[in-house]
Trainee: 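First the structure, then my questions, so here it is.
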Amino acid sequence: MYKLDIPLDYKEAAALEGRRNAELQRQSRVFNARVRTIGVDLQAVKEQEKERRMMEEMERRREAAFDADMVRQDKIGQLLAARREADAKAVNKAELEFRKTHQNPDQRREWDLNDPESLLKDVPARVSDDDPRCTVSTIQKLEGEDLNNKARKKLQGEQQREWAKQQMKEKADAKARESHAEHLYQQKAKELDQRACELAKAEDECRKAIQRSHADYNKAMKDEIANQKELARQRDLDDNATEISNNIYGDLLTENPLAARSAFGAHRVVPDRWKGMSPEQLERIRKEQENQREEAARLAAEEAARDKEWERQTLANARAALLREREQDRLRRDLNKQGVDENMRLAEEQKAHQEFLNTEVYTNEPTAAYFMQFNTNSR
């Protein structure tokens with residue numbers, strides 16, 4: 001009924017899976033209080049900038065090496081193309097020479113039928129006794145006739161000598177062509193070997209150049225790391241020396257009394273730095289204590305007089321408060337009665353309103369699944 005074998009779009013599925021994984025990683029960072037940070041780590045940003053520059057420099061050198069390798073490959077391809085073109089030209093030239101030498105029109109089997117000068121080359125019905133056209137049916141030659149016996153034998157001898165010479169010449173020509181072809185083959189093989197050596201040499205030089213660039217880069221990185229370690233060691237030595245000097249000449253070991261002064265006022269001291277009070281300070285403290293005793297005696301006399309006055313006012317206030325309390329109790333009873341009546345009325349109204357909400361308004365009560373849909377992503 002429905003077509004269910006629909007092919008999946010793998011590219012879209014891969015993109016969706018990538019976004020899903022990125023969202024899960026972002027949630028793990030955002031929802032994890034240990035990992036989440038607020039603000040910018042300047043030192044980490046500087047380190048990242050430095051690493052990015054190093055990666056860009058490495059990528060630039062890598063691209064330069066790839067470019068040099070690509071140029072070398074292009075040169076090799078050009079040389080191979082030139083070799084193939086030269087081989088094709090040599091094959092075509094040999095084929096043309098073979099056709100000129102061994103495939104002329106007059107060497108074809110049906111040339112006598114297509115020869116435009118066939119009438120000019122035509123001969124009489126009988127040329128000689130050994131004419132192959134003079135068969136029995138032609139009645140051009142009878143048995144026993146041998147008119148050109150001597151000439152025929154002489155011609156046959158000459159013909160045999162010519163054949164022998166021609167065969168010797170053909171053998172010599174064939175041997176010369178074979179020697180020439182062997183010489184050309186050796187020259188071509190030598191040229192190809194020389195080109196292969198040149199290509200191998202160029203490839204070796206390019207590989208050595210790449211290796212030298214890698215070695216220089218590794219050496220530069222090694223020197224930079226060594227310099228950083230030396231700077232860190234020197235910085236630690238300077239910090240240690242500074243700390244030792246501060247401890248030796250500091251206020252703790254020299255017991256400087258000015259070190260006990262607090263930053264919150266001249267009258268305050270730092271407890272862990274204080275070495276004790278001076279005689280002037282002790283005398284001022286004794287005078288201050290005597291003044292405090294006199295002030296305390298005066299304040300005690302004033303407090304006794306104030307207590308007597310408060311006791312008198314307390315009795316008067318107690319009588320007035322008793323009268324006010326009785327009046328407030330009467331008012332409170334009236335208010336409590338009114339409040340009870342009002343609360344009963346409000347309770348009835350609230351009960352009716354709650355029943356209306358439960359039966360008419362809140363008919364779809366949210367479940368746990370409704371609350372689980374919140375706070376599920378980091379956006």
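Residues take their numbers from the sequence shown, with the count starting at 1. The structure displayed is predicted, hence computed values, not measured ones.
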Trainee: Does atom CD of E56 have more than 12 heavy-atom neighbours from other groups under 6.0 Å away?
Mentor: yes

Trainee: Should M221 and M58 be regarded as members of a common hydrophobic cluster, given that ILVMFWY residues are connected when their side-chain heavy atoms come within less than 4.5 Å of each other, either directly or indirectly?
Mentor: yes

Trainee: Looking at K219 and D223, does any basic side-chain N land under 4.0 Å from a carboxylate oxygen?
Mentor: no

Trainee: Do the side chains of E49 and R52 get close enough for a salt bridge, i.e. N-O under 4.0 angstrom?
Mentor: yes

Trainee: Determine, step by step, whether R212 and K208 satisfy the side-chain contact (heavy atoms from CB on, under 4.5 Å) criterion, reporting the C-alpha distance in whole Å, the side-chain angles of both residues, the deciding distance to 0.1 Å, and the verdict.
Mentor: CA-CA 6 Å; R212 285 196 299 270; K208 289 181 180 179; 3.7 Å; yes

Trainee: Check whether more than 12 heavy atoms from other residues, nucleotides or ligands sit under 6.0 Å from atom CH2 of W310, and answer yes or no.
Mentor: no

Trainee: Write down the atom of C206, the atom of R72, and the distance for their closest heavy-atom approach.
Mentor: CB-CD, 3.4 Å

Trainee: More than 12 non-hydrogen atoms from neighbouring residues, nucleotides or ligands closer than 6.0 Å to CD on E178, yes or no?
Mentor: no

Trainee: Under 3.5 Å, side chain of T101 to main-chain N/O of F98, donor-acceptor pair present?
Mentor: no

Trainee: Has N240 got a side-chain atom pairing as donor or acceptor with D236's backbone, closer than 3.5 angstrom?
Mentor: yes

Trainee: Taking all heavy atoms of R61 and all of Y217, pick out the closest pair and write down the distance.
Mentor: NH1-CD1, 2.5 Å

Trainee: How about E170 and Q166: do any of their side-chain heavy atoms sit closer than 4.5 Å?
Mentor: yes

Trainee: Would you check if the side chain of D69 reaches a backbone N or O of A65 as a donor-acceptor pair within less than 3.5 Å?
Mentor: no

Trainee: Between E158 and R161, is any pair of side-chain heavy atoms under 4.5 Å apart?
Mentor: yes

Trainee: Using the side-chain contact (heavy atoms from CB on, under 4.5 Å) rule, take E17 and R20 through it: C-alpha gap first, then chi angles, then the decisive distance, then the call.
Mentor: CA-CA 5 Å; E17 185 66 22; R20 187 179 292 110; 2.9 Å; yes

Trainee: As an exercise, state the distance from CD of Q313 to CG of L315, rounded to the nearest 0.5 Å.
Mentor: 10.5 Å

Trainee: Return the CD to CH2 distance between Q156 and W163, rounded to the nearest 0.5 Å.
Mentor: 8.5 Å

Trainee: Looking at side-chain heavy atoms only, is the closest gap between E243 and D239 below 4.5 Å?
Mentor: no

Trainee: Whether the Q187 and E191 side chains hold a donor-acceptor pair (N or O, under 3.5 Å, no angle test) is what I'd like checked.
Mentor: no

Trainee: Can you give each donor-acceptor pair under 3.5 Å made by side-chain atoms of residues 76-95, sequence neighbours left out, with the distance rounded to 0.1 Å?
Mentor:
from	atom 1	to	atom 2	distance (Å)
D87	OD1	K188	NZ	3.3
N92	ND2	A88	O	3.1
E95	OE2	R99	NH2	2.6

Trainee: What's the spacing between E63 CD and D67 CG if we round to 0.5 Å?
Mentor: 6.5 Å

Trainee: Between R293 and E290, is there a side-chain N and carboxylate O pair less than 4.0 Å apart?
Mentor: yes

Trainee: Are side-chain heavy atoms of L323 and E327 found at a separation under 4.5 Å?
Mentor: no

Trainee: Any salt bridge linking R312 with E309? Criterion: basic side-chain nitrogen under 4.0 Å from a carboxylate oxygen.
Mentor: yes

Trainee: List the steps and the verdict of side-chain contact (heavy atoms from CB on, under 4.5 Å) for M70 and F66.
Mentor: CA-CA 6 Å; M70 183 172 62; F66 281 151; over 6 Å; no

Trainee: State whether E349 and R345 are salt-bridged, where the test is any N-O pair (Lys NZ or Arg NE/NH1/NH2 against Asp/Glu carboxylate O) under 4.0 Å.
Mentor: yes

Trainee: I want to check something: taking the side chain as every heavy atom from C-beta on, are E59 and R62 in contact at a cut-off of under 4.5 Å?
Mentor: yes

Trainee: Is a side-chain donor or acceptor of N336 paired with a backbone partner of R332 at a separation under 3.5 angstrom?
Mentor: yes

Trainee: Would you call E303 and R306 a salt bridge, using N to O less than 4.0 angstrom?
Mentor: yes

Trainee: Less than 4.0 angstrom from a charged side-chain N to a carboxylate O is my criterion; do K50 and E47 meet it?
Mentor: no

Trainee: What distance do R233 atom CZ and D238 atom CG have between them, rounded to the nearest 0.5 Å?
Mentor: 10.0 Å

Trainee: Report the distance from atom NZ of K308 to atom CD of E311, rounding to the nearest 0.5 Å.
Mentor: 9.5 Å

Trainee: Would the number of heavy atoms belonging to other residues, nucleotides or ligands and lying under 6.0 Å from NE2 of H102 be above 12?
Mentor: yes

Trainee: May I ask you to test the K201-E198 pair for a side-chain heavy-atom distance under 4.5 Å?
Mentor: no

Trainee: I'd like to know if E348 and K351 make a salt bridge, using a cut-off of under 4.0 Å between side-chain N and carboxylate O.
Mentor: no

Trainee: Tell me the closest heavy-atom pair linking N104 and K100, and the distance in Å.
Mentor: OD1-O, 2.8 Å

Trainee: Can you tell me how far the CZ atom of R177 sits from the CD atom of E182, to the nearest 0.5 Å?
Mentor: 15.0 Å

